[in-house]
Protein chains: 2
Amino acid sequence: MVTNPGRRKRATIHDVALEAGVSRGTVSRVVNDEPYVSAEARIAIEAAIEKVGYVPNTAARNLVMQRSQAIGFIVHEPHSLFLEDPNIGEILLGANAALSLADFQMVCLIIDSERDTDRVARYLSGGFVDGVIVVSARKNDPITRIIEKLGLPSTFVGHPPDLRQLPFVGIDNRSSARAITERLLATGRTRVGMIASALDRDSGADRLAGFTDALGPLFDPALVARVPFYAYADGVAGMRALLAAEPGLDGVFAASDAVAAGALEALREAGRSVPGDVGVVGFDDSAWALRCQPLLSTVHQPAAGLGERAAESVLAQLRGEEPELGGILLTTPIVWRDSA
Amino acid sequence: MVTNPGRRKRATIHDVALEAGVSRGTVSRVVNDEPYVSAEARIAIEAAIEKVGYVPNTAARNLVMQRSQAIGFIVHEPHSLFLEDPNIGEILLGANAALSLADFQMVCLIIDSERDTDRVARYLSGGFVDGVIVVSARKNDPITRIIEKLGLPSTFVGHPPDLRQLPFVGIDNRSSARAITERLLATGRTRVGMIASALDRDSGADRLAGFTDALGPLFDPALVARVPFYAYADGVAGMRALLAAEPGLDGVFAASDAVAAGALEALREAGRSVPGDVGVVGFDDSAWALRCQPLLSTVHQPAAGLGERAAESVLAQLRGEEPELGGILLTTPIVWRDSA
DNA sequence: ACTTACTCTGTGTACGTTCACAGATCGGCC
DNA sequence: GGCCGATCTGTGAACGTACACAGAGTAAGT
């Protein structure tokens, strides 16, 4: 073998058959746990497998079976995701756990450039995976088009791209935001504001809508600070703006934990105590929440659960089941700590 | 096809040949960009490929070529890694970039349980990948054994497991620690201590050794606080211990950025100003470094570079080149900010 | 005219597996 | 004894590709 000088040739099913003194068919039956094999043949074959160190060749098996027993996990724009969003790791683990249980192999594909897009497209078309889980697809994503064209079973984590009818798993940002705001109001706060991030994304807009729902007639647009991103710096800026608009503020809902952390910094700077003067709540239950002083009350994102459900959804499609039309929304428990 | 009801049958090289009115061989030559194809045949075949929507079947190609054009990226203990270590994402991206350039597909394999180990082992044995990059292998890792047994080209990121002679890519913790300590001393500090973490790991022990190197005759064992982990809480505890041992301390080298962040908290608590009273430096240049107040001076871990070099090392082995015996050590620039 | 080289094309075989089918053996039952 | 079903085994396809080889055609050099 010229291409791989150091690799010794692998044992095939034929070698096992020869060693055990039976035919390929019988060996295949033993390997795949099928009935109609005599006890003595089974024992001889198992011994032969052990002796020659036989491992089935997956390429050959895939070729004839027309499946790969693997599911792709596609991550787009990893720079921002890996650095900002600790959830991606959890989603990945959740998906891996569910696939593992079904004896499927997860294959994690990173798209980081134009070049990657083409290669991943080829990879998907090449029959390497039986289905895909897509995290953070963009609008007009060529990968999305290819998945549709191939008819590849797929489930998206987060909101579905464009307006296509593709199965997805997500959380209900709106009712979660409403719930934590109501919980904050229940502590007796009367002037509650929000630092609203990323209003150009579904998640950001929905969190603001939930906040509005919770306040009802009490809602005051002057108590909403609009900031571009979910980041720490946005929290600092947003909080300063809110304090300037309403010094008597006694509660704040921050659109993310990082934003909440920034808000805490601005409050400290302004000499307000938390939760004494102002109650603060966040969203995500990320690492930030435990890094804050005081510990943050927040909405828990069931990241592992999202991955798990996405995996199950793909597997269900593989079994021929129809995916839920409206997508799957997971519940988001409130984690009440010290900041409110 | 019973297993995949919705999938329409894929076009094969045969369909293309029929459509273009040539033979399989000629189509194969066009697909693989080989010479000795007439212009008209090439045009007809390209049109036919477009028309029938042909994509090469990777399983079939792998079977006959005895390779997969894919490299595995194995991550062990992802829980701790994804949560504690932001570097893993960078390493992944660096490796992906290098593999992408060589037109290899990266396949990311997560090992999260016993079950995963077995499945990944089967996956590797199944010829799905031509080589592997291993991040954070443990001692006596069954995966390591399997890699050795298969003779699979591999490169480890970080220190090599056990005492085996396997290629690896890492950083020189010792000289990096020495360099940043010397830089701290150069600011005129005279009583410099260290919070030393994870002395049971190579990285932790080496960082302490580098610190000792830098101080030379000035080294005072009383100014080393030993803490178990690289975490924030360890930094708080370590700093308190150091201040108790030597109130006149004017510089600290923390074994990681998280530890440094904890140290800053303890210093604030004790009423010391940074960098006025005490200069603080960390290690890693992780997200912590920019989250600290003041911004942390630290050692930059070239995480993307580690991934890149690991990928290149595996590709070199695939070309039949001998791997460097002592492993590859990358340089670690010092990032000087405000904390010292 | 005859070799020689080069260009282009089609065919057969191999890769390692699964599956359908055809036999073979055996026991029980009418 | 003949028939049937159950159990067990071997054989020949097929999956879709790459590669070696043979052969045809063309052009140039001797």
Side-chain angles (χ1 to χ4, degrees), chain A residues 1-4 7-46 48-49 52-69 122 125-128 130, chain B residues 1-4 7-46 48-49 52-69 122 125-128 130:
Chain A
M1 203 184 313
V2 182
T3 50
N4 262 323
R7 297 273 269 291
R8 63 175 173 282
K9 217 163 60 185
R10 284 172 48 188
T12 75
I13 206 169
H14 215 103
D15 302 330
V16 176
L18 225 63
E19 179 71 31
V22 295
S23 73
R24 289 173 1 245
T26 310
V27 176
S28 178
R29 274 183 280 269
V30 168
V31 170
N32 298 327
D33 243 349
E34 283 170 23
Y36 299 137
V37 176
S38 67
E40 53 185 337
R42 171 159 279 137
I43 289 168
I45 290 169
E46 276 164 357
I49 286 176
V52 302
Y54 170 71
V55 178
N57 180 315
T58 329
R61 178 177 281 173
N62 288 353
L63 180 59
V64 66
M65 305 272 286
Q66 310 274 46
R67 61 167 175 69
S68 64
Q69 202 72 7
R122 277 209 319 273
S125 312
F128 260 109
D130 298 334
Chain B
M1 202 186 313
V2 181
T3 50
N4 263 322
R7 297 271 269 292
R8 62 176 175 281
K9 218 163 57 184
R10 285 172 47 189
T12 75
I13 205 169
H14 213 103
D15 301 329
V16 176
L18 225 63
E19 179 71 32
V22 294
S23 74
R24 292 172 357 245
T26 309
V27 176
S28 178
R29 275 183 280 269
V30 168
V31 170
N32 297 329
D33 243 348
E34 284 169 22
Y36 301 138
V37 177
S38 66
E40 53 185 338
R42 172 158 278 138
I43 289 168
I45 289 168
E46 275 163 358
I49 286 175
V52 303
Y54 169 73
V55 178
N57 180 316
T58 329
R61 179 176 281 174
N62 289 354
L63 180 59
V64 65
M65 305 271 287
Q66 309 275 46
R67 62 168 176 69
S68 64
Q69 203 71 6
R122 278 210 316 274
S125 314
F128 262 108
D130 297 335

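Every chain is numbered from 1 and lettered A, B, ... according to where its sequence line falls, protein lines coming before strand lines.
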At a heavy-atom distance below 4.0 Å, what parts of residues 13-25 of chain B sit against DNA chain D? B:Ile13, B:Arg24

So if I take the C1' atoms of five pairs at each end of the helix from C:dA1-D:dT30 to C:dC30-D:dG1 and get each local axis, what angle do the two axes make, rounded to 10 degrees? 60°

Just how far, in rounded Å, is C1' of D:dA18 from CD of B:Gln66? 11 Å

Where along residues 29-40 of chain B does a heavy atom fall under 4.0 Å from DNA chain C? B:Arg29, B:Tyr36, B:Val37, B:Ser38

d(CE, B:Met65; P, D:dG16) in whole Å: 18 Å

Spacing of A:Asn57 atom CG and A:Thr12 atom OG1 [to the nearest 0.5 Å]: 9.5 Å

Run the side chain to side chain donor-acceptor pair (under 3.5 Å) test against B:Ser68 and tell me which residues pass, sequence neighbours left out. B:Asp130

Going by heavy atoms closer than 4.0 Å, what residues in residues 53-63 of chain A are next to DNA chain D? A:Leu63

Under 3.5 Å, N/O pairs linking protein and nucleotides 22-27 of chain D:
none

Comparing B:Thr26 with B:Val64, nearest DNA chain C nucleotide closer to 5' gives the residue B:Thr26

To the nearest 0.5 Å, tell me how far A:Thr58 OG1 sits from B:Leu63 CG. 10.5 Å

Taking distance alone, no hydrogens or angles, what donor-acceptor pairs closer than 3.5 Å link side-chain atoms of residues 26-45 of chain B to residues at least two apart or in another chain?
{"from": "B:Asn32", "atom 1": "OD1", "to": "B:Arg61", "atom 2": "NH2", "distance (Å)": "3.3"}
{"from": "B:Asn32", "atom 1": "ND2", "to": "B:Ser28", "atom 2": "O", "distance (Å)": "3.4"}
{"from": "B:Ser38", "atom 1": "OG", "to": "B:Ala41", "atom 2": "N", "distance (Å)": "3.3"}
{"from": "B:Arg42", "atom 1": "NH2", "to": "B:Glu34", "atom 2": "O", "distance (Å)": "3.3"}

For DNA chain C, which nucleotides open and close the run of contacts to chain A, 5' to 3', at under 4.0 angstrom from a non-hydrogen atom? C:dG16 to C:dC19

Sorted by chain and number, sequence neighbours left out, side chain to side chain contact (heavy atoms under 4.5 Å, CB included) with B:Val52 holds for B:Ala11, B:Val16, B:Glu19, B:Tyr54

What distance do B:Asp15 atom CG and B:Ile49 atom CD1 have between them, rounded to the nearest 0.5 Å? 11.5 Å

